[in-house]
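Let me begin by presenting the structure, written as structure tokens, before commenting on it.
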Amino acid sequence: MSSTGLLLRNLTQSAKKSKRPIQLVGAVNAYSAILAQKIGHKALYLSGGGVAASSLGLPDLGISTLEDVLIDVNRLTRVSSLPLLVDVDTGFGTSAFNIKRTISDIEKAGAAGVHIEDQVAAKRCGHRPGKQIVTSEEMVDRILSAKEGRKDPNFVIMARTDAFANEGMDSALKRAREYVKAGADMLFPEALTELKQYKEFTDAFPDVPVLANITEFGKTPLFTVEELGQVGVSIVLYPLSAFRAQSAASIQVYESILNNGSQSKVLDLMQTREELYGYLDYHSYEKKLDALFDKEKKPK
């Protein structure tokens with residue numbers, strides 16, 4: 001079995017050398033993963049906030065469980081061969097054993113890696129006010145437990161720090177050094193606001209891939225791949241871009257049906273039946289079914 005973790009590592013290393021970051025796009029369900037892969041993306045992401053909102057209809061406040069996330073991981077890895085990075089919040093549990101189990105189960109489900117963060121268990125979205133973070137010692141313990149949980153040494157353990165918003169850049173960098181020393185493979189400094197701040201991170205960790213979270217309507221401006229590549233970022237994350245677009249289009253369709261008594265005015269927002277069938281490879285399934293029926297009809 002090939003290692004998707006190794007594939008993700010190779011992609012990020014190539015990105016560092018070329019100064020062309022890999023784009024990590026969020027997929028909230030299996031069909032979104034199919035679309036992303038067939039369009040040409042090279043890696044996928046499963047957002048904790050996406051699981052909460054899309055699969056559970058809940059806010060991103062640490063309410064989701066490991067089982068909730070695993071359901072979606074399995075759905076994505078079943079239909080896509082792309083390496084998948086998974087948001088595991090603070091690890092889904094207060095003990096080392098909980099975190100070890102989380103990593104083991106996510107790896108078994110076929111993911112390439114996870115990111116784990118230094119917020120308290122009752123966490124918040126990284127771009128919201130009121131975040132609280134644990135001590136660096138507790139986060140180091142989380143990383144050490146995560147390392148124990150993986151069987152494939154190439155399975156990626158990325159450390160996310162939310163310290164910048166609460167404690168400033170010096171603290172965020174200090175924490176990141178401790179996280180890398182503990183064994184974090186990659187870094188995710190959350191909610192930075194300027195390109196020069198990413199440059200500080202990449203200068204401080206020239207051999208460690210750094211991720212930039214370019215989420216819409218948050219604290220971080222919508223920097224381009226070119227801009228982020230020039231300051232040494234290896235991975236650019238778009239966690240919920242497609243989900244937001246899907247949701248906005250859905251609202252327009254629901255409103256049109258309610259207010260106009262028809263969907264005819266919003267057909268231009270919709271994927272056609274043939275487009276859907278094309279992405280699902282529907283006709284090949286149908287041909288196999290027809291062949292099976294023909295075989296059953298033949299006299300024995």
Side-chain angles (χ1 to χ4, degrees), residues 5 9 12 47-49 60-66 69 85-107 111 113-193 197-198 200-213 219-220 234-235 237:
R9 288 171 184 267
T12 57
S47 158
D60 184 18
L61 291 170
I63 304 170
S64 308
T65 67
L66 172 59
V69 173
L85 181 70
V86 179
D87 176 1
V88 295
D89 291 342
T90 61
F92 299 115
T94 56
S95 79
F97 299 111
N98 293 129
I99 294 171
K100 185 176 178 180
R101 180 197 168 198
T102 292
I103 302 305
S104 176
D105 287 354
I106 295 286
E107 182 183 347
V114 301
H115 69 71
I116 188 168
E117 67 199 54
D118 56 9
Q119 284 198 52
V120 297
K123 53 107 12 144
R124 300 186 180 208
C125 167
H127 290 254
R128 294 291 299 159
K131 296 187 296 183
Q132 298 297 319
I133 54 178
V134 299
T135 64
S136 57
E137 290 80 9
E138 184 171 340
M139 179 61 176
V140 163
D141 286 343
R142 289 176 182 175
I143 294 167
L144 293 173
S145 299
K147 285 177 61 183
E148 285 189 17
R150 69 181 172 191
K151 290 202 168 41
D152 177 5
N154 289 308
F155 183 84
V156 172
I157 296 170
M158 179 185 289
R160 170 177 143 178
T161 180
D162 286 73
F164 175 74
N166 290 35
E167 301 177 350
M169 180 60 76
D170 289 345
S171 175
L173 288 168
K174 181 176 182 294
R175 282 172 171 267
R177 289 188 191 96
E178 294 178 29
Y179 302 165
V180 170
K181 185 177 179 181
D185 302 304
M186 302 181 189
L187 291 170
F188 178 167
E190 178 64 302
L192 302 188
T193 58
Q197 294 162 353
Y198 286 106
E200 288 186 64
F201 256 88
T202 58
D203 283 349
F205 303 96
D207 299 321
V208 180
V210 172
L211 178 148
N213 182 13
K219 301 291 186 184
T220 307
S234 300
I235 308 170
L237 174 62

What distance separates [X] [atom1] from [Y] [atom2], expressed to the nearest 0.5 Å?
| X | Y | atom1 | atom2 | answer |
| --- | --- | --- | --- | --- |
| Leu211 | His115 | CG | NE2 | 7.5 Å |
| Gln197 | Glu200 | CD | CD | 7.0 Å |
| Leu85 | Ile106 | CG | CD1 | 10.5 Å |
| Leu144 | Tyr179 | CG | OH | 12.0 Å |
| Phe201 | Leu173 | CZ | CG | 4.5 Å |

* Asked: Taking C-beta and beyond as the side chain, do Leu187 and Val180 meet within less than 4.5 Å on heavy atoms?
  -> yes

* Sub-4.5 Å side-chain heavy-atom contact between Phe188 and Asp87 -> no

* Could I get the full list of side chain to side chain donor-acceptor pair (under 3.5 Å) partners for Asp170, not counting sequence neighbours? => none

When you measure from the side chain of [X] to the backbone of [Y], do you find a donor-acceptor pair of N or O atoms at a distance under 3.5 Å?
| X | Y | value |
| --- | --- | --- |
| Ser104 | Lys100 | no |
| Asp162 | Glu117 | no |
| Glu107 | Asp152 | yes |
| His127 | Lys219 | yes |
| Asp89 | Gly91 | no |
| Asn98 | Ser95 | yes |

Nearest heavy atoms of [X] and [Y], plus distance in Å:
| X | Y | answer |
| --- | --- | --- |
| Phe92 | Leu66 | CD2-N, 3.7 Å |
| Met139 | Ala159 | CE-CB, 4.1 Å |
| Asn166 | Lys131 | ND2-O, 2.7 Å |
| Gln119 | Val134 | O-CG1, 3.7 Å |
| Ile99 | Thr90 | CD1-O, 4.1 Å |
| Pro209 | Ser234 | CA-OG, 3.8 Å |

* So, are Arg175 and Glu167 salt-bridged, with charged N and O less than 4.0 Å apart? -> yes

* Taking 4.0 angstrom as the limit, do Glu190 and Arg160 come out as a salt bridge? -> yes

* To do: Kindly write out the residues that satisfy ring pair (Phe, Tyr, Trp, His ring centres under 6.0 Å) with Phe155, not counting sequence neighbours, or none if the list is empty.
  => none

* **Passing option when Ile157 is tested against Met186, Arg150, Arg142 for side-chain contact (heavy atoms from CB on, under 4.5 Å)** => Arg150

* Name of the residue among Ile63, Asp60, Ile133 meeting side-chain contact (heavy atoms from CB on, under 4.5 Å) with Lys123 -> Asp60

* To do: Show your reasoning for whether side chain to side chain contact (heavy atoms under 4.5 Å, CB included) applies to Lys147 and Ile103.
  => CA-CA 8 Å; Lys147 285 177 61 183; Ile103 302 305; over 6 Å; no

* Give the C-alpha distance, both sets of side-chain angles, the deciding distance and a yes or no for side chain to side chain donor-acceptor pair (under 3.5 Å) between Thr161 and Asp118. => CA-CA 6 Å; Thr161 180; Asp118 56 9; 2.7 Å; yes

